[in-house]
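Remarks on the structure that follows.
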Amino acid sequence: MQSSEPTGVELGYARVSTVKQNLDRQIAALRDAGIPAEHIYTDKKTGATVEREGLDGLLKYARRGDTLVVYTLDRLGRNLREVLNLVHDLGERGIGVRSIADPMPINTADEGMGRIAFLLLALFAEMERTFTAERAAHARAVAEASGRRAGRPVAHPPEKIEYARLLKGQNLSLGAIAEKTGIPKTSLTRYLATDQGSGA
């Protein structure tokens with residue numbers, strides 16, 4: 001693909017997140033939108049990989065005045081914040097983003113409804129962060145008011161840990177202590193190691 005082509009082209013991007021999913025529907029929609037095959041970039045996640053060679057290639061090729069076209073906006077990232085950041089970065093480079101199958105299709109080059117729709121998405125993301133923080137704060141307040149400890153519960157009761165320390169003082173093996181207390185060896189190692197560090 002030659003980078004000397006004039007700017008102002010539409011570049012398609014299609015992504016699926018598992019090997020079992022199929023790119024055909026997205027690619028067909030991009031072709032129907034008038035984007036030639038040589039301007040369509042794809043990514044198909046395999047295993048635990050998070051690299052997106054297709055998107056990286058598109059971003060390197062794209063020039064000011066171009067438009068990145070996707071089937072739906074969520075194809076651009078793994079979460080809303082990632083999508084918003086990418087669209088913002090593209091906007092800084094003078095590259096537009098257009099979706100073709102969202103309930104409210106977005107075109108950031110459109111000074112009217114497309115921009116409004118994108119700003120609404122950003123607002124919803126900010127609201128969700130606020131609501132999440134408020135829910136966490138409320139849960140902490142309720143827990144404190146009822147005398148419970150907020151956050152991750154202690155894995156093993158203090159009396160069991162104390163019993164384990166007592167057995168250790170009797171020179172019992174880690175396996176024997178684990179059998180008597182029901183505490184796994186990995187946890188025992190951590191609990192008893194703190195005694196050594198504190199000089200107990």
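No donor-acceptor distance shorter than 3.5 angstrom exists from the side chain of Arg15 to the backbone of Asp43, with no hydrogens or angles considered. Side-chain atoms of Thr67 never come within 3.5 Å of backbone atoms of Gly96 as a donor-acceptor pair (strictly under, hydrogens ignored). Judged purely by atom type and a 3.5 angstrom limit, Arg75 has no side-chain atom pairing as donor or acceptor with the backbone of Ser99. Proximity of a side-chain donor or acceptor of Thr181 to a complementary backbone N or O of Ile183 within less than 3.5 Å is detected.
Atom CD of Glu179 is surrounded by 12 or fewer heavy atoms from other residues, nucleotides or ligands within 6.0 Å. Heavy atoms of other residues, nucleotides or ligands lying less than 6.0 angstrom from CZ of Arg25 number 12 at most.
Interatomic distance, Leu68 CG to Tyr41 OH, rounded to the nearest 0.5 Å: 10.0 Å. To the nearest 0.5 Å, atoms CZ (Arg190) and NZ (Lys185) are separated by 16.0 Å. Separation of atoms OH (Tyr13) and CD1 (Ile27) is listed at 11.5 Å; rounding is to 0.5 Å. Atom CG in Leu192 sits 9.5 Å away from atom CD1 in Ile161 (nearest 0.5 Å). The line from NE2 of His88 to CZ of Arg93 is 13.5 Å long, rounded to the nearest 0.5 Å. Note that the CG atom of Asp24 and the OG1 atom of Thr42 stand 10.5 Å from one another [nearest 0.5 Å].
The two residues Pro36 and Gly34 have their closest heavy-atom pair at CD-O, 3.5 Å. The nearest pair of heavy atoms linking Ala164 to Leu188 is CB-CD2, 3.6 Å.
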side-chain contact (heavy atoms from CB on, under 4.5 Å), that's the test. Do Val70 and Leu30 meet it? Break it down for me.
CA-CA 7 Å; Val70 288; Leu30 292 170; 5.7 Å; no
Determine whether Ile95 and Arg64 satisfy the following criterion, side-chain contact (heavy atoms from CB on, under 4.5 Å), listing intermediate values before the conclusion.
CA-CA 5 Å; Ile95 299 168; Arg64 179 173 292 274; 5.6 Å; no
Test Val69 against Ile35 for side-chain contact (heavy atoms from CB on, under 4.5 Å), laying out the working first.
CA-CA 9 Å; Val69 183; Ile35 300 172; 3.5 Å; yes
Decide yes or no on side-chain contact (heavy atoms from CB on, under 4.5 Å) for Val16 and Gln26, but give the supporting numbers first.
CA-CA 9 Å; Val16 290; Gln26 294 179 53; 3.7 Å; yes
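For the pair His39/Val9, a side-chain contact is recorded, criterion being any heavy-atom separation below 4.5 Å from C-beta on. The closest side-chain heavy-atom distance from Val83 to Asp74 is not below 4.5 Å. Counting only heavy atoms from C-beta outward, the side chains of Ile100 and Thr72 never approach each other to under 4.5 Å.
Taking 4.0 Å as the cut-off between side-chain N and carboxylate O, Arg31 and Glu10 do not count as a salt-bridged pair.
For the residue pair Tyr61/Asp66, the side-chain donor-acceptor check at 3.5 Å is not satisfied.
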